[in-house]
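Side chains included, hydrogens not; waters and symmetry mates left out as well; all remaining heavy atoms used.
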Amino acid sequence: MIPFTQRVIELIHEIPRGQVCTYRQLAIMAGSPNASRQVAWILHSSSAKYDLPWHRVLNSKGNIVLSTEEGQLEQRTLLLREGVPFLSDFQVDLDQCLWHPHSIKK
DNA sequence: AAGGTGACTGATG
DNA sequence: GCATCAGCCACCT
C-alpha cells in the first residue's frame with residue numbers, strides 16, 4: 001500500500017504547468033478528504049527534498065498561504081511566470097486555473 | 001507510546 | 001467580509 005504522503009507527492013507532481021490545486025483537493029485525491037493539514041505539513045517538510053512544484057498548491061479560496069513572507073513572494077512570482085491569473089496580490093483565480101484531473105466531488 | 005505540529009477548512013457570530 | 005473555534009489526520013519527537 002502506498003503511504004499517504006507518497007501519494008500526495010505523486011499527485012503534486014502531476015499538476016500541470018499553469019494550473020493550481022488546493023490542499024483539500026489533494027487530500028481528497030489521496031484518499032483522506034479531511035487530511036488537508038497533513039498535506040500542508042508534507043509541503044512544509046519535504047517540498048525541497050522531493051523537488052515538488054509546491055507553488056501550485058493553494059488553500060481552498062485560492063490564496064497563497066505560507067508561513068514566511070519570502071515564501072509568499074516567491075510563490076507569487078513562480079505562478080505569475082506560469083501565466084496563472086491573479087485576482088489580487090495573493091489570490092489566484094481558481095475558476096480559471098484550478099486543476100481538474102478527474103471528477104472532484106465537493 | 002503519547003503528545004505535538006502544521007503552508008487547512010467549514011461553520012458560526 | 002472578518003475573527004474565532006473546533007474538528008481533522010499523518011507524521012515527528
Using whole Å, report how far [atom1] of [X] lies from [atom2] of [N].
X: A:Q91; N: C:dG1; atom1: CD; atom2: C1'; value: 12 Å
X: A:E74; N: B:dA7; atom1: CD; atom2: P; value: 15 Å
X: A:L26; N: B:dT9; atom1: CG; atom2: P; value: 10 Å

(request) Name all residues meeting the salt bridge (Lys or Arg N to Asp or Glu O under 4.0 Å) criterion together with A:E82; count only those two or more places apart in sequence or in a different chain, and write none if there are none. (result)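 A:E82 satisfies salt bridge (Lys or Arg N to Asp or Glu O under 4.0 Å) with A:R56 only.
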
(message) Working to the nearest 0.5 angstrom, can you tell me the gap between A:Q96 CD and A:L98 CG?
(response)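 If I round to the nearest 0.5 Å, the distance is 11.5 Å.
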
(message) Quick check for you: to the nearest 0.5 Å, what is the distance between A:Q91 atom CD and A:N63 atom CG?
(response) 4.5 Å

(request) Pick base, sugar-phosphate or nothing for A:S45, based on heavy-atom distances below 4.0 Å to the nucleic acid. (result) nothing

(message) Please check this pair: side chain of A:S46 against backbone of A:K49, looking for a donor-acceptor N/O pair closer than 3.5 Å.
(response)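 Between the backbone of A:K49 and the side chain of A:S46 there is no qualifying donor-acceptor contact (under 3.5 Å).
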
(request) Could you tell me whether a side-chain N or O of A:T68 sits under 3.5 Å from a main-chain N or O of A:G71, the two making a donor and an acceptor? (result)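 At least one qualifying donor-acceptor pair exists.
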
(request) Of all the heavy-atom pairs spanning A:S60 and A:L94, show the shortest one and how long it is. (result)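 Taking every non-hydrogen atom into account, O-CD1, 3.5 Å.
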
(message) Within the 4.0 Å limit for protein heavy atoms, which parts of nucleotides 6-13 of chain C are touched? Write it as a string from 5' to 3', B for base, S for sugar-phosphate only, - for none.
(response) -BBSBSS-

(message) More than 12 heavy atoms of other residues, nucleotides or ligands under 6.0 Å from CZ of A:F86: yes or no?
(response)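 Enclosed: over 12 neighbouring heavy atoms sit under 6.0 Å from CZ of A:F86.
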
(message) Can you see whether A:F90 has A:R76 sitting over its ring - NZ or CZ less than 6.0 Å from the centre and within 45° of the normal?
(response)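 Relative to the ring axis of A:F90, which defines the angle, A:R76 lies inside both limits.
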
(message) Using a 4.0 Å cut-off on heavy atoms, which residues in residues 59-71 of chain A reach DNA chain C? List them by number, or say none.
(response) none

